[in-house]
> 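Provided herewith is a single structure, encoded as structure tokens, for subsequent inquiry.
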Amino acid sequence: MTDSQRTPNVSLYPNVPNYPTESKADYLPAAYRSVDAATRGAFLEEKPHCVFIEVTNHCNLLCETCPRTFVTYEEPKTLSWENFLKIADQFPKMERAVLHGIGEPLINKDLPRMIAHLKARGVYVLFNTNATLLDEEWSRQLIESGLDELRCSIDGADPKTYALIRGAPLLHKIVSNLTEFMQIQQAMGAETPRASIWMTGVKENIEELPGLLRLAAKMGVPEVYLQRLVYYYEAEDAPGMMDSGHGLFDSFDDQVDQLVADGEALARELGIMFKASGATNPRASLGASNERDKQPWKACMRPWTTAYITANGNALPCCISPFATQNYESLKLGNVFEQPFDEIWNDERYQAWRTQLLSDEPHEACAGCGVHWSL
């Protein structure tokens with residue numbers, strides 16, 4: 001069953017006709033099921049069905065949890081319409097497109113056009129935004145484009161906490177923008193895009209989880225997701241909040257467990273769907289793993305099912321990797337503007353990455369997955 005074929009229901013989102021009751025995390029999209037995990041190897045004839053396309057690497061915030069704030073990995077670039085087509089055309093089997101990377105997608109004025117192009121191909125389309133630029137014009141354009149999901153990153157319910165993590169005192173603006181977006185969507189009678197809030201849980205904001213759930217209910221946003229912080233695990237001089245001292249996964253305790261459990265209870269009371277990234281529930285996502293000695297990174301399917309292409313055309317193993325290592329050059333597996341992706345997909349760099357991921361000693365960007373941060 002494809003994303004668009006799922007049966008909708010109005011109970012979760014009464015203000016918008018035929019709004020789905022299920023969260024995307026409740027099932028694994030078909031785009032991620034194109035390869036048999038038991039038989040995968042270094043070479044893969046099947047091309048990716050899920051593609052991340054970074055539409056810009058510019059951003060209007062200075063988040064303490066993002067490497068972009070502290071280092072320039074690639075030439076600053078906003079993807080042109082022509083280069084977008086050069087990328088999209090190389091993935092004829094694309095079923096799911098994620099139009100973000102290290103940057104704020106709403107900076108790219110061609111974004112609605114890109115979404116509409118992919119929707120005409122039958123692709124399920126989503127992206128994450130900080131929502132600071134989500135004014136009335138953007139709201140209408142995104143709704144009219146056919147966008148399937150609009151994910152908004154909000155890392156705190158208190159303006160001071162938000163400013164501390166996100167680098168700008170703009171929580172009030174985001175609340176206003178999202179509230180207006182939900183009102184416009186209701187007035188238009190539009191079923192999509194499906195709006196949700198995504199919170200990166202850190203020690204500095206986890207106590208504000210109840211406040212964020214109440215804020216979501218106030219804005220009319222029906223879904224909230226909690227995700228782990230990804231950071232430079234091996235770095236001794238990691239900048240900002242890019243070190244393990246801010247993450248919750250390695251220091252998950254009874255207090256955090258109770259906060260998340262209370263959040264789950266409050267979400268049920270408010271009628272908010274409260275989930276976690278990684279197709280699991282928040283407590284399971286943040287809780288300490290008993291699988292650490294079982295090499296959980298071997299369960300990762302991204303190098304077999306997913307492509308990540310930056311605004312400069314570089315192919316990376318996944319969207320998490322730039323947040324997980326300072327050795328960015330080691331992540332580049334080829335460039336789709338210089339070489340067809342069909343050749344990159346099975347050249348020696350990609351094959352070596354897959355082989356290493358299935359070994360006892362994966363690349364450092366993979367070694368922490370499922371151990372220190374989200375798989």
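FYI, side chains are in, hydrogens and waters are out, and symmetry mates aren't considered; it's all heavy atoms of this structure.
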> Before you tell me yes or no, could you show the steps for Leu79 and Glu54 under side-chain contact (heavy atoms from CB on, under 4.5 Å), namely the whole-Å CA-CA distance, both residues' side-chain angles and the distance that decides it to 0.1 Å?
CA-CA 8 Å; Leu79 192 66; Glu54 183 182 72; over 6 Å; no
> Go through the side-chain N and O atoms of Asp360 and Gln295 and say whether any donor and acceptor fall under 3.5 Å apart.
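Result is yes, a qualifying pair exists.
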> Short question: side chain of Asn57, backbone of Lys77 - any donor-acceptor pair under 3.5 Å?
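It does hold such a pair.
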> Taking Gln90 for its side chain and Phe341 for its backbone only, find out whether a donor-acceptor pair lies under 3.5 Å.
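The answer is yes, because a donor-acceptor pair under 3.5 Å joins these two groups.
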> With no hydrogens and no angle check, just 3.5 Å: does a side-chain donor-acceptor pair link Thr325 and Asn327?
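Side chains of Thr325 and Asn327: no pair found under 3.5 Å.
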> Output the distance between atom CH2 (Trp304) and atom CG (Leu357), rounded to the nearest 0.5 Å.
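Trp304 atom CH2 to Leu357 atom CG measures 4.5 Å (nearest 0.5 Å).
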> Which atom pair, heavy atoms only, marks the closest approach of Val260 to Phe274?
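Result for this residue pair: O-CE2, 4.1 Å.
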> From Glu82 CD over to Asp110 CG, what is the distance, rounded to the nearest 0.5 angstrom?
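That separation rounds to 8.0 Å.
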> Counting C-beta onward and ignoring hydrogens, is there a side-chain heavy-atom pair between Val98 and Tyr308 closer than 4.5 Å?
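No, too far: nothing below the 4.5 Å cut-off.
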> Should His246 and Tyr231 count as side-chain neighbours, where that means a heavy-atom distance under 4.5 Å?
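The answer is no, as the side chains (C-beta and beyond) never meet within the 4.5 Å cut-off.
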> With rounding to the nearest 0.5 angstrom, report the CG to NZ distance, Asn314 to Lys332.
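If we round to the nearest 0.5 Å, Asn314:CG and Lys332:NZ are 5.0 Å apart.
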> Taking atom types as modelled, is there a side-chain donor on Glu208 or Tyr162 under 3.5 Å from an acceptor on the other?
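No donor-acceptor contact under 3.5 Å links the two side chains.
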> Go through the side-chain N and O atoms of Asn130 and Glu104 and say whether any donor and acceptor fall under 3.5 Å apart.
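Looking only at side-chain atoms, Glu104 and Asn130 do form a donor-acceptor pair, the distance falling under 3.5 Å.
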> With a sphere of 6.0 Å drawn around NZ of Lys173, does it hold more than 12 non-hydrogen atoms of other residues, nucleotides or ligands?
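Count not over threshold, so no.
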> Answer yes or no: is there a donor N or O on one side and an acceptor on the other, between the side chain of Asp155 and the main chain of Ile165, under 3.5 Å?
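Judged by distance alone, no pair lies under 3.5 Å.
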> For Asp262 and Gln258, does a side-chain donor sit closer than 3.5 Å to a side-chain acceptor?
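Side-chain D/A pair, Asp262 to Gln258: present.
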> Does some side-chain heavy atom of Leu118 sit less than 4.5 Å from a side-chain heavy atom of Met94?
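Yes, side chains in contact.
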> Can a side-chain donor-acceptor contact be found between Tyr225 and Gln227 if the only test is distance below 3.5 angstrom?
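Side-chain D/A pair, Gln227 to Tyr225: absent.
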> So how far is it from Thr56 OG1 to Ile107 CD1, rounded to the nearest 0.5 Å?
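Interatomic distance, Thr56 OG1 to Ile107 CD1, rounded to 0.5 Å: 5.0 Å.
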> List for me each residue that meets salt bridge (charged side-chain N to carboxylate O under 4.0 Å, His left out) alongside Lys93, sequence neighbours excluded, and say none if there are none.
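Partners of Lys93 by the salt bridge (charged side-chain N to carboxylate O under 4.0 Å, His left out) criterion, ordered by chain and then number, come out as Glu46.
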> Carefully, step by step, assess Tyr350 and Trp353 under the rule ring-ring contact (aromatic ring centres under 6.0 Å, His included).
CA-CA 5 Å; Tyr350 240 118; Trp353 193 281; 8.3 Å; no
> What distance do Leu248 atom CG and Glu204 atom CD have between them, rounded to the nearest 0.5 Å?
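Output value for this atom pair is 8.5 Å.
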> Salt bridge or not between Arg140 and Glu136? Use side-chain N to carboxylate O under 4.0 Å.
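Salt bridge present between Arg140 and Glu136.
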> Val336 and Lys86: side-chain contact (heavy atoms from CB on, under 4.5 Å), yes or no, with the steps?
CA-CA 8 Å; Val336 299; Lys86 288 180 182 178; over 6 Å; no
> By salt bridge (charged side-chain N to carboxylate O under 4.0 Å, His left out), which residues pair with Asp347, not counting sequence neighbours?
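Salt bridge (charged side-chain N to carboxylate O under 4.0 Å, His left out) check on Asp347 returns Arg349.
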> State the CZ-CH2 distance between Arg113 and Trp81, to the nearest 0.5 angstrom.
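Taking CZ in Arg113 and CH2 in Trp81, the distance rounds to 4.5 Å.
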> So, do Leu147 and Phe127 sit near enough that their side-chain heavy atoms are less than 4.5 Å apart?
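In short, these two side chains touch, coming nearer than 4.5 Å.
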> Output, in order, the C-alpha distance, side-chain angles, deciding distance and verdict of side-chain contact (heavy atoms from CB on, under 4.5 Å) for Ser153 and Arg166.
CA-CA 10 Å; Ser153 299; Arg166 289 278 167 170; 3.1 Å; yes
> Are any side-chain N or O atoms of Trp345 and backbone N or O atoms of Glu45, one a donor and one an acceptor, separated by less than 3.5 Å?
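The answer is no, because no donor-acceptor pair under 3.5 Å joins these two groups.
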